[in-house]
Asks: 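Okay, handing you the structure first.
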Amino acid sequence: MSEVKMDDIISLAKRRGFVYPGSEIYGGQAGMYDYGPLGVELLNNLKAAWWKAHVYERDDFYGLDSAIFKDPRVWDASGHTSGFSDPLAECKKCNTRIRVDKELEKIGVTADEKMSEAELERLFDENRDKLKCPKCSAADFGPVRMFNLLVKTNMGDFTGEMAEPVYLPGEACQGIYLNFKNVVDTTPAKIPFGIAQIGKAFRNEISPRNFLFRTRELEQADTQYFVKPHENKDEYERIKQRRMDWYTQVLGVRPEKLRLKQHENLVFYAADAWDIEYDFPTYGFDEIEGIHDRTDYDLTQHAKFSGTDLSYVDPMTQEKYIPWILETSVGMGRMLLTVLSDAYHEEEINGDKRVVLKLKPELAPVKVAVSPLLKNKPELVAKAREVYTMLKKEFGAVMWDDNGNIGKRYRRQDEIGTPYCIVIDFDTLEGDTAGTVTVRNRDTTQQERVKIEELVGRLRAS
RNA sequence: GCGGGUGUCGUAUAGCGGUUAUUAUCCCAGUUUUCCAAACUGGUGAUUGGAGUUCGACUCUCCGCACCCGCACCA
């Protein structure tokens, strides 16, 4: 069997209605993807599994859904408006891009990162003759340009002359920091505790690429766990382990395809930072989730910029402090791509290739497909309809499939990861086996006869 | 954003300055079919968009757009 390529998975995703290129009929929009009928089911199942693990199965966690639009000062506090807008200029000869502020500093000219584009441009122009391209030594640069990852909007502006733009979130987790005090004040939450949120983020990625891996609009599932200062280490280790276990046990991802990798260069405030990486086809190991030991940076920044005291008072000891934060942050698109990549298998069956998505049943977009063995036998069709209606009421994501012959239906369901196919045949209608149907297992391709009244219980148990 | 490459039905592909634009598969409808992509019939469906050259452009030129590779970016 040849090596699986990401192209195979992208092709399947499009062909079967998991993921479509964004705005496709207009030629496509870079960095945007739409989830189709099966994709949205898978995505919702992933979110539900994540929410279950971080909210329902925990009594020290609280859910949240914060507004997308936030006070622009939020992004000043987080560092996104300054720290992530780098002034760059390009060498006209070899196209190497230089950081203008860093090159200026090398020749002793101080360039503050808070300077405007115009100021930097002026400084750059004044010193142009002293600057050389570090690669080809030419001294011919294009104009200075600021690259800022934040997406601006004109929210609340009707004149087009707004002094300060309102930004779309560059990361979803800021909403958690903004509501830390609210959650403490309105719930029984006592440190240590966590807040979980799944939210949208938007980034002006210079070069979105690699399918769902780097997009301009993304959804992030974040947890922020608030602990007492300096009581971060043990909990951080537990979180790392728990998150790894979640991928293998809940999502069913192969352990050998996952690894934890420590950041080599930490941002100045971070105590520690690790990524969970998955070994994607074609791309190789790349980050799906970041786990960060962030100290008190985030709440301190927001306290400073907002003027609101965000410290916590321990109800037992009356100790007052800014809690430290342990963060997990995973892109839902990356999670979905991980699950698709890991579930995708090409197998040989009776000399033919079969493509099968070995998704955990609870993640599968279609739980069960129901077929009459033959579609030109009204008595089979009627009985199958009955079973279909019953199961659909129970599970929702149930598919009716009477197209082509039975083998073809099995293959079609294999390809979208449907764990069980139920077939109503002549034995369902008469003889000792009356009232039973065959249930065919996606992974083993084996089937067994099950009584109709036991179907729901049987499918629930699996 | 820069440099290079690519762009034909949903998918995978063939071909040509003048074609009814090929084939397979998928999909839809029907016939058939007593369990792993059988067969038959019919059907929908494509030259990435826009200009230009030309009597005529899917084919040549230019400008967009998207995707791929490299650089850069990646809280």
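Chain naming here is simple, since letters A, B, ... match the order of the sequence lines and numbering starts at 1 in each.
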Asks: If we take the C1' atom in both rC55(B) and rA72(B), what is their distance in whole Å?
Replies: 49 Å
Asks: Of all the nucleotides listed (rA75(B), rU11(B), rC35(B)), which has the minimum atom distance to the side chain of Ser11(A)?
Replies: rU11(B)
Asks: Pick the C1' atom in rG70(B) and in rG64(B), then give their distance to the nearest Å.
Replies: 23 Å
Asks: Is the number of heavy atoms from other residues, nucleotides or ligands under 6.0 Å of Lys181(A) NZ greater than 12?
Replies: no
Asks: So that I can tick it off, tell me whether Lys5(A) and Asp7(A) are bridged by a salt bridge, with the cut-off set at under 4.0 angstrom between side-chain N and carboxylate O.
Replies: no
Asks: Within the supplied structure, the quantity of interest is the number of heavy atoms (other residues, nucleotides, ligands) at a distance under 6.0 Å from Arg73(A) CZ; does it exceed 12?
Replies: no
Asks: What does Ser371(A) touch in the nucleic acid at a heavy-atom separation under 4.0 angstrom: a base, only the sugar-phosphate, or nothing?
Replies: nothing
Asks: Name the closest nucleotide to the Arg209(A) side chain, picking from rG70(B), rC73(B), rA37(B).
Replies: rG70(B)
Asks: Quick one, give me the B/S/- string for nucleotides 28-33 of chain B, reading 5' to 3', where B means a protein heavy atom under 4.0 Å from the base and S means that only happens at the primed atoms, P, OP1 or OP2.
Replies: S---SB
Asks: For a quick check, with a 4.0 angstrom heavy-atom cut-off, what is the B/S/- contact string for nucleotides 40-50 of chain B, read 5' to 3'?
Replies: -----------
Asks: Remember a base hit wins even if backbone is also touched, and classify Gly36(A) as base, sugar-phosphate or nothing at under 4.0 Å, heavy atoms.
Replies: nothing
Asks: In this structure, how many angstroms lie between the C1' atom of rA66(B) and the CG atom of Asp7(A), rounded?
Replies: 15 Å
Asks: Flag this pair as yes if the NZ/CZ of Arg334(A) is under 6.0 angstrom from the six-membered ring centre of Phe213(A) and inside a 45 degree cone about the axis; otherwise no.
Replies: yes
Asks: Distance between the C1' atoms of rG45(B) and rC63(B), in whole angstroms?
Replies: 29 Å
Asks: Would you mind telling me which of Ile322(A), Leu299(A), Leu326(A) makes a side-chain contact (heavy atoms from CB on, under 4.5 Å) with Phe226(A)?
Replies: Leu299(A)
Asks: Can you measure Leu380(A) atom CG to rU34(B) atom C1' for me and round it to whole angstrom units?
Replies: 9 Å
Asks: Only pairs with both distances under 3.5 Å count, Watson-Crick or wobble alike; so what is the partner of rG70(B) in this structure?
Replies: rC2(B)
Asks: Take the protein atom CG of Asp414(A) and the nucleotide atom P of rA37(B), then report the distance between them rounded to whole Å.
Replies: 11 Å
Asks: If you measure from the Lys or Arg side-chain nitrogens to the Asp or Glu carboxylate oxygens, is any gap between Arg412(A) and Glu415(A) under 4.0 Å?
Replies: no
Asks: Base, sugar-phosphate, or nothing: which does Tyr20(A) touch, judged by heavy atoms less than 4.0 Å apart?
Replies: nothing
Asks: Can you check the Arg440(A) CZ to rC35(B) C1' distance for me, whole Å?
Replies: 10 Å
Asks: Expressed in angstrom and rounded to an integer, what is the separation of Glu415(A) atom CD from rA12(B) atom P?
Replies: 13 Å
Asks: Output the single nucleotide from rC36(B), rU11(B), rC35(B) whose closest atom is nearest the side chain of Thr445(A).
Replies: rC36(B)
Asks: Pick the nucleotide of RNA chain B nearest each of Gly31(A) and Glu171(A); which residue has the one closer to the 5' end?
Replies: Gly31(A)
Asks: Could you check how far NZ of Lys408(A) sits from C1' of rA38(B), rounded to whole Å?
Replies: 10 Å
Asks: Give the ring-plane orientation class for Tyr278(A) versus Phe280(A), where under 30° counts as parallel, over 60° as perpendicular and anything between as tilted.
Replies: perpendicular
Asks: For residues Phe61(A) and Tyr225(A), establish whether the separation of their ring centroids is below 6.0 Å.
Replies: yes
Asks: In whole Å, measure the gap between the C1' atoms of rG15(B) and rC58(B) for me.
Replies: 10 Å
Asks: Can you find a donor-acceptor N/O pair under 3.5 angstrom joining the side chain of Thr438(A) to the base of rC35(B)?
Replies: yes
Asks: Let's test your reading of the model: under 3.5 Å, does the base of rC65(B) pair with the side chain of Tyr26(A) as donor and acceptor?
Replies: no
Asks: When all nucleic acid strands are considered with a 4.0 Å heavy-atom cut-off, which category describes Asp298(A): base, sugar-phosphate, or nothing?
Replies: nothing
Asks: If you find the nucleotide of RNA chain B closest to Arg411(A) and the one closest to Gln220(A), which residue's nucleotide is nearer the 5' end?
Replies: Arg411(A)
Asks: Using a 4.0 Å heavy-atom cut-off, does Gln447(A) contact any base of the nucleic acid, only the sugar-phosphate backbone, or nothing at all?
Replies: base
Asks: Is Lys14(A) near enough to rC26(B) that one of its side-chain N or O atoms lies under 4.0 angstrom from OP1 or OP2?
Replies: no
Asks: So, under a plain 3.5 Å distance rule, would you say the side chain of Glu205(A) forms a donor-acceptor pair with the base of rC74(B)?
Replies: no
Asks: Over how many whole Å does the gap from Leu150(A) atom CG to rC73(B) atom P extend?
Replies: 18 Å
Asks: Please test Lys257(A) against Asp342(A) for salt bridge (Lys or Arg N to Asp or Glu O under 4.0 Å), starting from the C-alpha separation and ending with a verdict.
Replies: CA-CA 8 Å; Lys257(A) 292 280 187 181; Asp342(A) 204 69; over 6 Å; no
Asks: Indicate yes or no: does Asp402(A) engage Arg385(A) in a salt bridge with an N to O separation below 4.0 Å.
Replies: no
Asks: If you look at every strand shown and take non-hydrogen atoms under 4.0 Å, does Gly17(A) touch a base, only sugar-phosphate, or nothing?
Replies: nothing
Asks: Please give the distance between the C1' atoms of rU54(B) and rU13(B) as a whole number of Å.
Replies: 30 Å
Asks: For a quick check of understanding: with a heavy-atom distance under 4.0 Å over all strands, which category does Ser207(A) fall into, base, sugar-phosphate or nothing?
Replies: base
Asks: Tell me whether the count of non-hydrogen atoms from other residues, nucleotides or ligands lying under 6.0 Å of NZ in Lys152(A) goes above 12.
Replies: no
Asks: Can you tell me which nucleotide in rA75(B), rC71(B), rC69(B) comes closest to the side chain of Arg294(A)?
Replies: rA75(B)
Asks: If you measure from the P atom in rU44(B) to the same atom in rU8(B), how many Å do you get, rounded?
Replies: 22 Å
Asks: Take atom CZ of Arg15(A) and atom P of rC27(B), then tell me their distance rounded to the nearest Å.
Replies: 10 Å
Asks: Taking the same atom, C1', in rA12(B) and in rU22(B), what whole-Å distance lies between them?
Replies: 13 Å
Asks: Any donor-acceptor pair, under 3.5 Å, between the side chain of Arg214(A) and the base of rC74(B), if you only look at N and O atoms?
Replies: yes
Asks: With C1' as the reference atom in both, quote the distance from rU32(B) to rA38(B) in angstrom, rounded to an integer.
Replies: 10 Å
Asks: Do Glu448(A) and Asn441(A) have a side chain donor and acceptor closer than 3.5 Å?
Replies: no
